[in-house]
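This report concerns only the one structure given below.
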Amino acid sequence: MSRNGLNIKLQKTTGIPYYVQIENQIISAIRAESLLKNDRLPPERELADMLGVSRKTVSRAYGNLVAQGVLSCEQGRGTFVLERPADHGHSGALEEMEAHMTSAIELALQSGIDEKNLLRTFTRSVHRQYKNVQRIDAVFIECNVEQARSFSKQLESASGKTIPPYTLSEIEAMDPRAQRQIAQAGMVITTFNHMGTVKELLQYLKIDKRVIGVAITPNLESLIRIAKYPASKKIGLISLSEEFFFSVRSALKMAGLDHVEMAFTTTYDPKSIVAFVQDLDVLVVSPGRMEDVVKTISKPVDMIEFEYQLDQGSLEVVLSKLTDSND
């Protein structure tokens, strides 16, 4: 959801309550000066409809920020940015953790779990999470999930290190798991064209990490197979993300194949996939979608898996840096 400098993206899998995510992202927008003093925020009902949450959720987020002196609510006029929130170090994170723990305790009480078992479960979970974080050697950040996973896997296979993948959008959305792992990692790896953005994000998050750039190349066989088809053939692409489609289109243009017209979809609905493929002569598929697409379609169609690979020189540089970080 984007309006007047406010761009809120709710993450369903983080476990963080929606009202907390809304609060955090409003504060981030104000600190980044995307929202300025006296800017008017969307009405509660409007924002709730845009985000697909209840009005009560938005009201709670707004109310908490009003109580903190970040926003002001004026009867009949709306909700406005009052002041730029001060940075109090870990206080915001501690408040958020307390909110999570309160929710966990309430659930335990409702389920009849006693204090001893709750503490044992909490301690075990803390040990497991911190142990996992401490094993992280680096993180890989890319613009789309397919390439982030692919490059991370290539590096882990070559180095034997633990290198979890993240997308730029996850970092921009202040994903707490991403921030935690980046803070604990020895370095951050990204493609050269995203180095500036990644460095700016880390600076904003106050995370001081060495950023290593790598070069990537599209699989030559994929380009050759696409190039052999005449313009009359209908080509489509199925991927996990829209960003992957734009990445493929850019690779085709750089290879002199900018005349290739290509429809695309990110749907997982089987009927929609079958309908999309119905009139195609060629189907290009990202690595992250190949398995489910093969299971879904029955129509004979020439299928091309479009992959990217790390440049060998870049791979060797990263491997040497990973080795140096353990010295």
Side-chain angles (χ1 to χ4, degrees), residues 32 136-175 178-179 181-224 226-227 237 239-258 260 262 264 284 286-288 305-327:
I136 295 172
D137 298 283
V139 296
F140 197 105
I141 301 176
E142 241 297 343
C143 64
N144 68 79
V145 67
E146 282 99 341
Q147 289 178 225
R149 291 176 181 175
S150 175
F151 302 149
S152 174
K153 190 174 182 180
Q154 290 177 46
L155 286 171
E156 286 187 339
S157 177
S159 67
K161 308 292 185 180
T162 301
I163 308 172
Y166 283 101
T167 62
L168 284 170
S169 60
E170 288 176 310
I171 310 302
E172 291 169 345
M174 309 292 283
D175 182 289
Q179 290 184 55
Q181 293 197 335
I182 291 172
Q184 294 293 330
M187 69 182 69
V188 173
I189 306 169
T190 187
T191 49
F192 281 120
N193 58 318
H194 292 312
M195 282 191 70
T197 302
V198 169
K199 286 181 177 180
E200 288 178 2
L201 282 171
L202 295 183
Q203 183 178 13
Y204 174 72
L205 295 171
K206 298 182 179 179
I207 298 177
D208 184 18
K209 291 293 170 182
R210 177 169 54 169
V211 180
I212 306 297
V214 294
I216 61 172
T217 56
N219 184 285
L220 185 58
E221 182 182 351
S222 300
L223 290 173
I224 292 174
I226 293 173
L237 178 141
S239 60
L240 282 173
S241 65
E242 183 177 345
E243 290 84 0
F244 188 84
F245 164 73
F246 291 117
S247 178
V248 170
R249 192 168 68 175
S250 176
L252 293 174
K253 184 176 182 179
M254 292 181 66
L257 301 173
D258 49 328
V260 175
M262 184 181 293
F264 84 98
V284 180
S286 69
E305 184 173 23
F306 199 101
E307 292 184 289
Y308 283 85
Q309 297 174 330
L310 291 172
D311 172 77
Q312 186 60 36
S314 292
L315 180 59
E316 292 173 0
V317 169
V318 171
L319 292 178
S320 67
K321 298 294 184 183
L322 286 169
T323 301
D324 291 343
S325 68
N326 290 335
D327 293 341

Which residues satisfy the side chain to side chain contact (heavy atoms under 4.5 Å, CB included) test with [X], sequence neighbours excluded?
X: Pro165; value: Ala148, Arg149, Ser152
X: Ala158; value: Leu315, Leu319
X: Glu316; value: Gln312
X: Ile207; value: Ile182, Leu202, Leu205, Lys209

*Do Val198 and Leu168 have side chains that get closer than 4.5 Å, going by heavy atoms?*
yes

*asked:* Is the shortest side-chain heavy-atom distance between Glu242 and Phe264 below 4.5 Å?
replied: yes

*side-chain hydrogen bond (donor to acceptor under 3.5 Å, both in side chains): which pairs involve residues 212-223, sequence neighbours left out?*
none

_How close do Leu223 and Pro218 get, counting heavy atoms only, and between which atoms?_
CD1-CG, 3.7 Å

Point-to-point distance, once rounded to the nearest 0.5 Å, from [atom1] of [X] to [atom2] of [Y]:
X: Lys321; Y: Met187; atom1: NZ; atom2: CE; result: 8.0 Å
X: Phe151; Y: Ser314; atom1: CZ; atom2: OG; result: 10.5 Å
X: Ile189; Y: Asp137; atom1: CD1; atom2: CG; result: 9.0 Å
X: Asp208; Y: Lys206; atom1: CG; atom2: NZ; result: 13.0 Å
X: Gln203; Y: Leu201; atom1: CD; atom2: CG; result: 10.0 Å
X: Gln181; Y: Ile163; atom1: CD; atom2: CD1; result: 12.0 Å

For [X], give me all partners under side chain to side chain donor-acceptor pair (under 3.5 Å), at least two apart in sequence or on another chain.
X: Ser150; value: Gln154
X: Glu243; value: none
X: Glu170; value: Thr167

*asked:* I'd like to check the ring-ring contact (aromatic ring centres under 6.0 Å, His included) partners of Phe306; sequence neighbours left out, ordered by chain and number.
replied: Tyr308

Return all side-chain donor-acceptor pairs below 3.5 angstrom for residues 138-146, not counting sequence neighbours, or 'none' if the list is empty.
unit_1: Glu142; atom_1: OE2; unit_2: Thr191; atom_2: OG1; d: 2.8
unit_1: Asn144; atom_1: OD1; unit_2: Glu146; atom_2: N; d: 3.3
unit_1: Asn144; atom_1: OD1; unit_2: Gln147; atom_2: N; d: 2.9
unit_1: Asn144; atom_1: ND2; unit_2: Gln147; atom_2: OE1; d: 3.0
unit_1: Glu146; atom_1: OE1; unit_2: Ser241; atom_2: OG; d: 3.1
unit_1: Glu146; atom_1: OE2; unit_2: Leu240; atom_2: N; d: 2.2
unit_1: Glu146; atom_1: OE2; unit_2: Ser241; atom_2: N; d: 3.4
unit_1: Glu146; atom_1: OE2; unit_2: Ser286; atom_2: OG; d: 3.0

*Give a yes or no on whether the backbone of Leu155 and the side-chain of Ser159 come within a donor-acceptor separation of less than 3.5 Å.*
yes

*Just do the side-chain contact (heavy atoms from CB on, under 4.5 Å) check on Thr190 and Val214 with the steps written out, would you?*
CA-CA 6 Å; Thr190 187; Val214 294; over 6 Å; no

*Over 12 foreign heavy atoms within 6.0 Å of CG, Asp258*: yes

